[in-house]
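Each remark here refers to the structure printed beneath this line.
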Amino acid sequence: FPAENIRNFSIIAHIDHGKSTLADRLLELTNTISASGSNKQVLDKLKVERERGITVKAQTVSMFYNHKGKDYLLNLIDTPGHVDFSYEVSRSLAACQGTLLLVDAAQGIQAQTVANFYLAFGQGLEIIPVLNKIDLPGAEPERVLRQIESAFELDTASILKISAKASINIDQVLPSVIEKIPPPVGSRDKPFRGLLFDSWYDKYVGVVCMLGIKDGMLRKGDKVVSAYSDTKYDITEVGIMHPEQLPTGYLHAGQVGYIVCGMKSASEAHIGDTFHHLGQTVEVLPGFQPAQSMVFAGIFPVDTNDFRKLDDNIKKLTLNDASVSVHKETSHALGQGWRLGFLGTLHMDVFRQRLENEYDANIIVTQPTVPYKITYKDDSFKLVRNPADFPDLEERSFKVAKLQEPMVIATLIFPDEYMGKLIELCGTRRGEQLEYVYVDETRVMMKYRMPLAEVVTDFYDELKSRSSGYASFDYEDGGYEDSDLVKMNVLLNSKPVDALSVILHRTQVDLVGRDWVKRLKGVIQRQLFDISIQTALGSKIIARETISALRKNVTAKCYGGDASRKMKLLQKQKEGKKRMKMIGNVELPQKAFYDFMDKS
Ligand code: GDP
Ligand code: MG
């Protein structure tokens, strides 16, 4: 295929606006997959992705299409839609020349639409707006057109109006891609350069990498080098995804395809890395930065005998996801475990869910922490990823010169009737308003600068509940900022439990301290002795609750000899115990550490 007959494009959209459904329709239209079976969601491979309806790992597919008598090779490069993966989104976009900006005609533009638009715009991509779900009775295409014009200043005169589900106007999509998106530039005669923009672990061939070929040719048998790590690799297979791996023997400038080169683990595949031929020097493709973990949590086996098994399982899972960082951790309360670093909370929840789904692991996960920067008075510096390593009040006052926390720029879009409630929410989360604008008559977009720590807890849930689900939210990196941070400890029967310590802004300590003792009281079961729960800043107690000793047996409630009811209760009690961890002589459930189970 000559470069002018190739198009590399992606679909960007807010979650649930129909990206996967449209991708399926395009794959059917080009006979890449068969049209039998209605909603296959070919791009969403993992079980967790199907369950949660999110795309975690990007998948790329090559399609063949005839337009006005000419054959085209169209590469649909899927991007993870969620903010946690924004670095990976921008890398996959770097392999495209244009993108379809898909907007739900009933919901209108949402926070992820805006965030993804700016990522694509920043890469200089051709952006084609597409209205989806026009079959819905609640669709308001005219209104959404106005939003697109005012928020993005895109020309909507000839906008595509489609229904991916009801297959309306799907045949207009690829002609528009061919006519509006420029072909890839790059020369086949120059030395080979390839951009690594995705990778995954395949149990038969090992690590598979997706490359965008910027210049030159890559053949099976070639020797290549990673510009980032300077490691040499032998190319044992090259090909295109159609939709599964289809070996082609070579790839040339403008194409997008996979390579297999004997990498042992996904951590060798650095998203954004440049590959070139051994012995040649090329200019490295721009913008490489290693993925940064921004959310850290401790993971511990409930039963210490499971340590080895869990260690194996974490290794297996991280083979497939190089963006998870892993360090061993020891907690006084929870014993041996790991501190894992994730790109964001969704990433963390997905990992945890995979660990449980695929490996049947019974684990305790601690409250997530963001990385804090500490500068000491002797000019030394530390990045703290674990509250246990954060200085207590005493040490802090005579050793620490400066404390800093990571910030984000948050975008919120919502109907204006929720404005008051959301301004209040952002205020209590230490947010500072940067901007607010109307994107149409009744929809508001607000921008806030706020601490990442405030976002990684239950901000998203609060946002949804205060806006009856109508507010959408996304964020980008906002750098580090000085902050008056302190460590709050939790004491059970006067003994501090390290795994429950948390880093807070000083102004929040009273509120959180009081809230936590109540919350813990609510989740710890009464036992045969009194349990005191305290929160403290250094030696200063902030709040206290007591759980009084249990007097009656649970089964005493079963009047007479209702055996089946008794069995049921005992069974229930047993199930409740599954995730219990003994801390001293007190049993703590998972909920005491981090309440992710109730999150959607
Ligand atoms: P994604 O999160 O952007 O990949 O969205 P999906 O493709 O998974 O679609 C989300 C939901 O919207 C699914 O239930 C789809 O069946 C539905 N959907 C997608 N496109 C349309 C459409 O054109 N019309 C209607 N009514 N529903 C659609
Ligand atoms: Mg999807």
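Just so it is clear, the values below take in all heavy atoms, side chains as well, and ignore hydrogens, waters and symmetry mates. We count ligands from 1, going down the list as the structure has it; atoms in each ligand are counted the same way.
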Salt bridge (Lys or Arg N to Asp or Glu O under 4.0 Å) contacts touching residues 421-434 (sequence neighbours left out): E405-R430, E424-R466, R429-D458, R430-E454
Test item: side-chain donor near acceptor, T79 and S10, under 3.5 Å: no
Whether over 12 other heavy atoms sit under 6.0 Å from E153 CD: no
Under 4.0 Å to a heavy atom of S163 - the qualifying atoms of ligand 1, by number: 22 (C), 23 (O), 24 (N)
Donor on one side chain, acceptor on other, N66 and D71, under 3.5 Å: yes
Atoms in ligand 1 flagged as close to D16, the criterion being non-hydrogen separation under 4.0 Å: 1 (P), 2 (O), 3 (O), 5 (O), 10 (C), 12 (O)
Between E237 and Y258: side-chain donor-acceptor atoms closer than 3.5 Å: yes
Contact (N/O only, under 3.5 Å) between A13 and ligand 1: no
Proximity of T21 to ligand 1 by residue part, where a heavy atom lies under 4.0 Å: both
Numbered atoms of ligand 1 (with element) below 4.0 Å of K19, judged on heavy atoms: 1 (P), 3 (O), 4 (O), 5 (O), 7 (O)
Flag for T411-D474: side-chain donor and acceptor within less than 3.5 Å: no
Option nearest atom 20 (N) of ligand 1 (shortest heavy-atom distance, choices N169, I162, N132, I134): N132
Region of K165 engaging ligand 1 - heavy atom pairs below 4.0 Å: both
Atoms of ligand 1 close to S20 [distance to a heavy atom under 4.0 angstrom, numbered from 1]: 1 (P), 4 (O), 7 (O)
Polar side chain donor-acceptor pair, D416 to T442, under 3.5 angstrom: no
L136: numbered ligand 1 atoms lying under 4.0 Å from its heavy atoms: 26 (N)
